[in-house]
Amino acid sequence: MTKIPQVDTYIKSLPKWQMEICTKARKLIHEAEPTITEEIKFTNRPYFMYQGNVCALLAAKNHVNVFIYDPIASDPKGIINQGHKNRTARSIQIYEGEFPDEQAFKALITAVVKNNKQGGWRKIQSK
């Protein structure tokens, strides 16, 4: 598991309820794929990488976005609630006191990693 201190800094800068969401999301992301690495992009945004982008965290005023960088990864439990028609990424908006089904969250991360292992969703989609 590769964690970097800059992600800790980002999370610690948030209000308590957003810290809890981001900490839980980060834990589940690493459980889903222990070899995922972390990176900071756009000055302070935590990205999770495995042979390309997997997801990113972004705290907004009243929720936390988990951007899923794969528009074709399976979401059978319907936890993705934004960007269904976006060509490159969809997102899960998580509000205070709420968190999507943990197993579904991990399965979604695993699906993105699987697609990245096969060259990424663009390559898979063009077949």
Side-chain angles (χ1 to χ4, degrees):
M1 183 179 325
T2 305
K3 291 185 175 182
I4 62 172
Q6 295 91 333
V7 174
D8 294 319
T9 300
Y10 177 83
I11 292 172
K12 288 176 184 175
S13 74
L14 302 172
K16 184 178 180 196
W17 68 270
Q18 289 182 320
M19 280 195 299
E20 291 170 357
I21 290 170
C22 289
T23 298
K24 184 177 209 172
R26 185 186 197 190
K27 175 183 169 285
L28 295 173
I29 291 163
H30 284 287
E31 284 179 10
E33 178 51 61
T35 61
I36 276 181
T37 59
E38 298 179 348
E39 188 174 313
I40 295 292
K41 295 185 181 184
F42 304 106
T43 309
N44 69 346
R45 191 169 309 155
Y47 271 71
F48 299 85
M49 313 290 293
Y50 186 98
Q51 296 179 15
N53 293 336
V54 173
C55 61
L57 301 176
L58 178 63
K61 183 177 180 179
N62 66 347
H63 65 278
V64 172
N65 280 310
V66 179
F67 293 102
I68 305 295
Y69 288 100
D70 185 327
I72 67 169
S74 178
D75 178 28
K77 297 281 186 175
I79 64 171
I80 293 173
N81 54 16
Q82 293 293 313
H84 289 287
K85 295 184 182 196
N86 191 305
R87 291 188 211 175
T88 59
R90 300 169 287 169
S91 69
I92 305 166
Q93 290 184 342
I94 306 171
Y95 293 87
E96 184 174 3
E98 300 176 8
F99 199 91
D101 177 276
E102 291 182 22
Q103 293 306 316
F105 187 89
K106 288 175 26 175
L108 182 58
I109 299 302
T110 300
V112 175
V113 168
K114 180 182 175 192
N115 287 348
N116 284 1
K117 286 179 180 178
Q118 296 175 35
W121 65 268
R122 286 180 177 95
K123 182 177 181 180
I124 294 168
Q125 199 171 37
S126 67
K127 287 183 180 180

Ignoring hydrogens and angles, tell me if any N or O in the side chain of [X] forms a donor-acceptor pair with the backbone of [Y] under 3.5 Å.
X    : Y   : value
E39  : R45 : no
N116 : Y50 : yes
N65  : F67 : no
T23  : E20 : no
D75  : I80 : yes
N81  : Q93 : yes

Spacing of [X] atom [atom1] and [Y] atom [atom2] [to the nearest 0.5 Å]:
X    : Y    : atom1 : atom2 : value
T110 : Q103 : OG1   : CD    : 9.5 Å
N44  : T9   : CG    : OG1   : 10.5 Å
R90  : I79  : CZ    : CD1   : 9.5 Å
Q18  : K61  : CD    : NZ    : 11.5 Å
S91  : H63  : OG    : NE2   : 7.0 Å
I36  : I29  : CD1   : CD1   : 6.5 Å

Would you sort out whether C55 and V112 count as a side-chain contact (heavy atoms from CB on, under 4.5 Å), showing the intermediate values? CA-CA 9 Å; C55 61; V112 175; over 6 Å; no
Could you pull out the closest heavy-atom pair between [X] and [Y], with the gap in Å?
X    : Y    : answer
S74  : A111 : N-CB, 4.3 Å
P100 : I92  : CG-CG2, 4.1 Å
F105 : A25  : CE2-O, 3.8 Å

Cluster partners of Y95, using ILVMFWY side-chain heavy atoms under 4.5 angstrom, listed by chain and number?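 Taking Ile, Leu, Val, Met, Phe, Trp and Tyr as members, Y95 stands alone, with no cluster partners.
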Test of ring centre spacing under 6.0 Å for Y69 and Y47: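 Aromatic pair counts; centres sit under 6.0 Å.
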Would you say [X] and [Y] make side-chain contact, with heavy atoms under 4.5 Å?
X    : Y   : value
K106 : E31 : yes
T88  : D70 : no
Y10  : L58 : yes
C22  : L14 : yes
K16  : E96 : no

Between K24 and E102, does any side-chain N to carboxylate O distance fall below 4.0 Å?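 Judged by the 4.0 Å cut-off on N to carboxylate O distance, K24 and E102 do form a salt bridge.
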Can you hop from F42 to I4 via hydrophobic side chains spaced under 4.5 Å?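 Same cluster: F42 reaches I4 through Ile, Leu, Val, Met, Phe, Trp or Tyr contacts under 4.5 Å.
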Do L28 and I11 share a hydrophobic cluster (ILVMFWY, side-chain heavy atoms under 4.5 Å, transitive)?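 L28 and I11: separate clusters.
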Regarding N53 and K41, is there a side-chain donor-to-acceptor distance under 3.5 Å anywhere?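 There is such a pair between these side chains.
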Between H30 and E38, do the side chains contain a donor N or O and an acceptor N or O under 3.5 Å apart?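 Yes, H30 and E38 have a side-chain donor paired with an acceptor closer than 3.5 Å.
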Count the heavy atoms of every other residue, nucleotide or ligand shown that sit under 6.0 Å from NZ of K114, and state whether that count exceeds 12.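 Counting other residues, nucleotides and ligands, NZ of K114 stays at 12 neighbours or fewer.
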Under the criterion salt bridge (Lys or Arg N to Asp or Glu O under 4.0 Å), I'd like the reasoning laid out for D8 against R26: C-alpha separation, chi angles, the key distance, then a yes or no. CA-CA 10 Å; D8 294 319; R26 185 186 197 190; 2.5 Å; yes
